[in-house]
There are 2 protein chains.
Amino acid sequence: MSHFNPKTHRKFTIRAMKRSLETIEYQKNTEALAKFAKALGHPTRIAILKHLKNQSCCFTGDLVDVFPLAQSTVSQHLKELKNAGLIQGELKSPKIKYCINHDNWKIAKALFQDFF
Amino acid sequence: MSHFNPKTHRKFTIRAMKRSLETIEYQKNTEALAKFAKALGHPTRIAILKHLKNQSCCFTGDLVDVFPLAQSTVSQHLKELKNAGLIQGELKSPKIKYCINHDNWKIAKALFQDFF
DNA sequence: AAAACCTATCGTCTATTGGCGATAAACAAA
DNA sequence: TTTGTTTATCGCCAATAGACGATAGGTTTT
């Protein structure tokens, strides 16, 4: 190194620079738990799930009336919960009935119980 | 309405447009639960917490060796866990020792148990 | 005093999230 | 067939998240 500024120069001999393009390998269940947690990481989605637990099931429109949110926003949250596997939708024409996905709910519950 | 396109016109008489600038009021504990869940919503942070549970405590540098991430990235994740209250740091010169925040851990555990 | 070590923070970049209105699509009802 | 109802999706925008390198700042160690 012919040109280095002694004021800013640091030695990083021990810890080489990292770049995580190597896509980290996580422990068993870590990614699954994080995925569930991420879906739960918004108060509206928690509230939707609490609502679903009380009512056992409900329609999208019910939720739109409960929350001061646009219909498209509620639909988006439902989509995320569905993608995470926490709920499932069933066409009950002309509406769609959303319920807790009990199989995955048990899995999530077990993952959190095991974690804490 | 003198000028409306019949092809695109829809009536939205029943469900008025919403704008959530009114900052939603959530049920008790809903926001707290969502905040914890959000902090848990990344596999690296789950892995850090698992590590902390095994080791009971550890230093930032230990984690940087474990994960293929830059030191600044690990530090950022630790900051988020600290902001969520799940961990706490103690200056153990020249290092910083991070531990689970057991008080808040219990609170989080109870919130999730109650939720599931 | 200087060099080395450890961690936090800053600035930057890109990707994702969360909100909205408008529109599409599917179906029921008239 | 047309109209209405219900939900999902698209496009847009602002804000946040997640990664990085560089640097600052504090403490040892030499």
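Lettering of chains follows the sequences in order, A, B, ..., and the numbering in each one begins at 1.
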query: Given C:dC20, D:dG18, D:dT7, which nucleotide is nearest the side-chain atoms of A:Ile96?
result: D:dT7
field: Length of the CZ-C1' vector between A:Phe67 and C:dC20, whole Å
entry: 18 Å
message: Any N or O donor-acceptor pair under 3.5 Å from the base of C:dA8 to the side chain of B:Gln71?
response: yes
- request: Measure from the ring center of B:Tyr98 to the ring center of B:Phe59 and say whether it is less than 6.0 Å.
  value: no
task: In whole angstrom, give the distance that lies between atom NZ of B:Lys79 and atom P of D:dA19.
output: 15 Å
message: Output the rounded distance in Å from CG (A:Leu91) to P (D:dT6).
response: 14 Å
- prompt: Once you round it to whole Å, what is the distance between C1' of C:dT12 and CD of B:Gln76?
  reply: 14 Å
- prompt: Could you give the CG-to-P distance, from B:Leu69 to C:dT7, as a whole number of Å?
  reply: 15 Å
- request: Please work out which of the three classes, parallel, tilted or perpendicular, describes the rings of B:Tyr26 and A:Phe67, given edges at 30° and 60°.
  value: tilted
query: How long is the line joining NZ of B:Lys35 and P of D:dT16, in whole Å?
result: 15 Å
query: Looking at B:His42, does any N or O in its side chain come under 4.0 Å of the phosphate oxygens OP1/OP2 on D:dA19?
result: yes
- line: With the side chain defined as heavy atoms from C-beta on, A:Thr73 is closest, among C:dC20, D:dA19, D:dT9, to C:dC20
- prompt: Where the side chain of A:Phe59 is defined as all heavy atoms beyond and including C-beta, which of D:dT7, C:dT7, C:dG19 is the nearest nucleotide?
  reply: D:dT7
- prompt: Are the charged groups of A:Lys82 and A:Glu80 less than 4.0 angstrom apart, N to O?
  reply: no
statement: Separation of D:dA8 atom C1' from A:Lys92 atom NZ, nearest Å, is 20 Å
Earlier contact from the 5' end, DNA chain C, for B:Lys38 and B:Lys95: B:Lys95
Under-4.0 Å side-chain N/O to phosphate OP1/OP2 contact, A:His77 with C:dG19: yes
query: Given the side-chain rings of A:Phe115 and B:Trp105, with only the six-membered ring counted for Trp, is the space between their centroids under 6.0 Å?
result: yes
message: Using a 4.0 Å heavy-atom cut-off, does A:Glu80 contact any base of the nucleic acid, only the sugar-phosphate backbone, or nothing at all?
response: sugar-phosphate
query: Can a donor-acceptor pair be found between the side chains of B:Thr30 and A:Lys50 at a distance below 3.5 Å?
result: yes
task: Round to the nearest Å and state the distance from A:Lys97 atom NZ to C:dA26 atom C1'.
output: 19 Å
message: Please pick, from D:dT7, C:dG18, C:dT7, the nucleotide with the shortest atom-to-atom distance to any side-chain atom of A:Arg45.
response: C:dG18
query: Taking the side chain of A:Tyr98 as its heavy atoms from C-beta onward, which of D:dG18, D:dT7, C:dG21 lies nearest to it?
result: D:dT7
message: Quiz question: going by heavy-atom distance under 3.5 Å, is there a donor-acceptor pair between the base of D:dG21 and the side chain of B:Ser72?
response: yes
